[in-house]
Amino acid sequence: MPQKKTKSAKKKIIIVVCLLLFLSVLGVVTVRFSGSNIALPAVMMLKDTGDRLQQFLFVPLSRIKTLWESYCDLRETKEENEVLKARLAQLQSEITSYREALIENRRLRQLLDIKRHQNDKTLLAHIVGCDIAPWRAVVTIDRGKKDGLLPDMPVLSQGGVIGRVIETSLSYSKVMLITDYQSRIAALVQRNRARGLLVGQGRKGCSLEYVEKGVDVEIGDTIITSGMDAVFPKGLLLGEVVSVKASDQSNLFQEIKVRPFSDVGKAEEVLILLSTGLSTSDEKDSLSR
Amino acid sequence: MIETFCLIILGYLIAVFQSSAGVFFQVGLIRLDAIPALICWYSLRQPLPLGMVAVAVLGLFVSVFSTIPMYVFPLSYVLGFLTIRYIISNVLELYPWQIYLLVGFLSLEIIVVQLAGSGNTELVWPWGLFQSGLNAISAPVFFFFFNKIEAILKKMKRKKRDITNE
């Protein structure tokens, strides 16, 4: 009996030592390759599996959400007309599916429009998940390395720029949205070419920073990419100025709030710019409009 | 060992669910999060060193679903685990409400480490505190489920052992 106990204790110690060794090796390898663009096959496989599971859950859950919204619509009508409830339910579900198709059609048309105006090669992707940390505005898309995606590729939606690729695995990628607190984009005011930095502010949208106090910026001004960050080509639409405050005397810069043109919270499809050659001409400004 | 199995498998499944359906349960920058409750539930049952290793492994699995640096999740979970082990080593008995309070405290610790690791410490107030409050309030529901799953697994194990003995 005591021999058995010693054996099982030894076994446990071996398991713990093996796990610790595995973690240490993983740690060392992670640190070694962090910063470089080399992804470990095991990590990549793990990420791919996770993202696949995410996609598997995300699609039916989105459908459930749509159904739930239809149900809410129906409840309002029910109070008005009890007799037509059954008929209305049928019509409502049909309308929902038609509306869904119509909205999708409109979205894709708009994306196609951007694609037509964009000289660079583009790729359509669907959003399949989000970051587990609620404060990160990062989404998972169903395109990865095998589709030619690389970190720092710009991502567009109907309105304009929605973010950039920050991480890629074989079939999936993570996109940092422009509202993320870590997001920084070199921008300029289209009207007077004043330069600034578009910084993500989470659910509050974005802010245009480092614009000096004397510079004339008005509510309604359009903000576009300046191309100075070597990530986004010049002239892509970013957002619209919603408030301008001169701030206190100790601050050298203006406080400018910007509402992104792209519907960051509701986007379902996005367009990735595969070749990101920076343009020096202003032609793209008018084209992207 | 059943608790460890519960922790890793359940934790991974919760992470998958939260990363795909998280936005549906999100208000502002807070959302329903079952992982701190799971770590607290596990920490109350499993001592060192296996507990610490298991929690670190869960952290690695969860980090797959985030763009926060990979070491942050294992670090935050291990720190949370060690805190709970330290507290219960100095307490004779914990009442349920104290356990749920502990979930809130553990959540705050995890969130602070994660926010610091991702460079967003300014969000501790108010979102970090609100999130820990939500985690503490929702903990009884999650504990109920974890206990049920543990009971089912134990029952299955007992049955298997009985069959082997026969």
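Remember, it's a predicted structure, so these values are computed and weren't measured experimentally. Excluded from the calculations below are hydrogen atoms, water molecules and symmetry mates; all remaining heavy atoms, backbone and side chain alike, are included. Letters A, B, ... are given to chains in the order of the sequence lines, protein chains preceding strands, and every chain is numbered from 1.
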S.K.: For chain A, which residues from residues 115-137 of chain B have at least one heavy atom closer than 4.5 Å to it?
M.R.: B:Leu115, B:Ser118, B:Gly119, B:Asn120, B:Glu122, B:Leu123, B:Trp127, B:Gln131
S.K.: Would you kindly say whether A:Ser171 and A:Asp51 are connected by a side-chain donor-acceptor distance under 3.5 Å?
M.R.: no
S.K.: For chain B, which of A:Gly50, A:Ser169, A:Gly129 has the most heavy-atom pairs under 4.5 Å?
M.R.: A:Gly50
S.K.: So, for A:Trp68 and A:Tyr71, is the gap between ring centers shorter than 6.0 Å?
M.R.: yes
S.K.: To the nearest 0.5 Å, tell me how far A:Glu269 CD sits from A:Leu124 CG.
M.R.: 6.5 Å
S.K.: Are the side chain of A:Asp147 and the backbone of A:Gly144 linked by a donor-acceptor contact shorter than 3.5 Å?
M.R.: yes
S.K.: Could you pull out the closest heavy-atom pair between B:Ile35 and B:Asp33, with the gap in Å?
M.R.: N-OD1, 3.2 Å
S.K.: Report the option among A:Val138, A:Asp131, A:Val128 that has the most heavy-atom pairs separated by less than 4.5 Å from atoms of chain B.
M.R.: A:Asp131
S.K.: Are A:Asp263 and A:Gln158 linked by a side-chain donor-acceptor pair shorter than 3.5 Å?
M.R.: no
S.K.: Is it the side chain or the backbone of B:Phe73 that comes within 4.5 Å of chain A heavy atoms, both, or neither?
M.R.: side chain
S.K.: With ring centroids as reference points, do B:Phe146 and B:Tyr42 lie under 6.0 angstrom apart?
M.R.: no
S.K.: What pair of heavy atoms forms the shortest contact from A:Pro260 to A:Ile178, and how long is it?
M.R.: CB-CD1, 3.6 Å
S.K.: Flag the one option from B:Leu29, B:Val16, B:Thr67 with the top tally of heavy-atom pairs under 4.5 Å to chain A.
M.R.: B:Thr67
S.K.: For chain A, find which of B:Pro74, B:Ala54, B:Gly28 contributes the most heavy-atom pairs closer than 4.5 angstrom.
M.R.: B:Gly28
S.K.: Establish, yes or no, whether a centroid distance under 6.0 Å links the rings of B:Tyr12 and B:Phe65.
M.R.: yes
S.K.: So which of B:Ile68, B:Val62, B:Ile30, B:Leu50 has the largest heavy-atom pair count under 4.5 angstrom toward chain A?
M.R.: B:Ile68
S.K.: Go through the atoms of A:Leu53 and report whether side chain, backbone, both or neither lie under 4.5 Å from a heavy atom of chain B.
M.R.: both
S.K.: Which atoms of B:Gln18 are under 4.5 Å from chain A, going by heavy atoms: the side chain, the backbone, both sets, or neither?
M.R.: both
S.K.: Looking only at non-hydrogen atoms, find the nearest pair between B:Gly59 and B:Tyr77 and report the distance.
M.R.: CA-CD1, 3.5 Å
